[in-house]
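Just so you know, these numbers come straight off a predicted model, no measurement behind them.
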Amino acid sequence: QVQLVESGGGLVQVGESLRLSCAASGRSISMYAMGWFRQAPGKEREFVARITWAGSTDYADSVKGRFTISRDNAKITLYLQMNNLKPEDAAVYFCAARRGASSTSVLAYDYWGQGTQVTVSS
């Protein structure tokens, strides 16, 4: 079993930055692919970014150039640096982990955190 706990969410102004963290415990995730997803009220959970165990990354078009996903396998932590935040970025952000190849699909992930709220005020 893998337990994931997100932190770092909050209220920011348009154009500001936040860094989300996702701490993993229970089992080493060094060989797991990981991802960030988000869910706004009334909308489905959507892919934001993913990273392979080797560090290769991929992003949703809506966040490319503004968000950066990274991982520290020694600290067993996943990060999402979010810059130039926009009102449409407001959502609950979830981290997720899966064995094997990374994926943009919600259904592909085995483990999920409880989420952290990001609010962007204009």
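Residue Ala108 comes nearest to Ser103 through the heavy atom pair CB-OG, 3.4 Å, listed as atom of the first residue, atom of the second, then distance. Closest approach of Ala24 to Val2, counting heavy atoms only: CB-CG1, 4.5 Å. Residues Ser102 and Thr52 come closest through the heavy atom pair OG-CG2, 3.7 Å.
Partners of Arg50 by salt bridge (Lys or Arg N to Asp or Glu O under 4.0 Å), not counting sequence neighbours, listed by chain and number: Asp58. With sequence neighbours left out, the side chain to side chain contact (heavy atoms under 4.5 Å, CB included) criterion links Gln81 to Ser17, Arg19, Thr68, Asn83. When the side chain to side chain contact (heavy atoms under 4.5 Å, CB included) test is applied to Val14, the partners found at least two apart in sequence or on another chain are Pro87, Val120, Ser122. Under the side chain to side chain contact (heavy atoms under 4.5 Å, CB included) criterion, Ala60 pairs with Phe47, Ser62, Val63, not counting sequence neighbours. Under the side-chain hydrogen bond (donor to acceptor under 3.5 Å, both in side chains) criterion, Gln39 pairs with Arg45, sequence neighbours left out. Asn84 meets the side-chain hydrogen bond (donor to acceptor under 3.5 Å, both in side chains) test with no other residue; sequence neighbours excluded. Legend: residues meeting side chain to side chain contact (heavy atoms under 4.5 Å, CB included) with Thr119, ordered by chain and number and at least two apart, are Leu11, Gln117. Judged as a side-chain hydrogen bond (donor to acceptor under 3.5 Å, both in side chains), and not counting sequence neighbours, the contacts of Arg71 are Asn73. Every residue two or more places apart in sequence or in another chain that forms a side-chain hydrogen bond (donor to acceptor under 3.5 Å, both in side chains) with Lys64 is listed here: Asp61.
Within 6.0 Å of atom CD in Gln1, 12 or fewer heavy atoms from other residues, nucleotides or ligands are found, so the atom counts as exposed in its surroundings.
Atom CG of Leu80 is separated from atom OG of Ser70 by 8.5 Å, given to the nearest 0.5 angstrom. Taking CD of Gln13 as the start and CG of Leu85 as the end, the distance is 11.0 Å to the nearest 0.5 Å. If you take CD on Gln3 and CD on Gln114, they are separated by 12.0 Å, rounding to the nearest 0.5 Å. Note: Ser21 OG to Glu6 CD = 10.0 Å, rounded to the nearest 0.5 Å.
For residues 58-122, the disulfide bond (SG atoms under 2.5 Å apart) pairs, not counting sequence neighbours, are Cys22-Cys95. Sorted by first and then second residue, the ring pair (Phe, Tyr, Trp, His ring centres under 6.0 Å) pairs involving residues 55-81 (not counting sequence neighbours) form an empty list. Residue pairs meeting the ring pair (Phe, Tyr, Trp, His ring centres under 6.0 Å) criterion with at least one partner in residues 98-122, sequence neighbours excluded, are Phe37-Tyr109, Phe37-Trp112.
Using a 4.5 Å heavy-atom cutoff, the side chains of Ile69 and Met34 are not in contact. Looking only at side-chain heavy atoms (C-beta outward), Glu44 and Val106 stay at 4.5 Å or farther from each other.
Cluster annotation: Ile51 is connected to Leu4 through the hydrophobic network of ILVMFWY side chains, with a link wherever side-chain heavy atoms come within less than 4.5 Å. In this structure, Val48 is a member of the same hydrophobic cluster as Tyr32, with clusters built from ILVMFWY side-chain heavy atoms closer than 4.5 Å. Grouping the Ile, Leu, Val, Met, Phe, Trp and Tyr side chains by contacts below 4.5 angstrom, directly or via other members, places Val92 apart from Trp36.
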Next on the checklist: For Val118 and Met82: C-alpha separation, side-chain torsions, deciding distance, then whether side chain to side chain contact (heavy atoms under 4.5 Å, CB included) applies.
Outcome noted: CA-CA 10 Å; Val118 172; Met82 306 186 294; 3.8 Å; yes
Next on the checklist: Between Glu46 and Arg38, does the side chain to side chain contact (heavy atoms under 4.5 Å, CB included) criterion hold? Intermediate values first, please.
Outcome noted: CA-CA 5 Å; Glu46 65 175 8; Arg38 66 188 181 187; 2.7 Å; yes
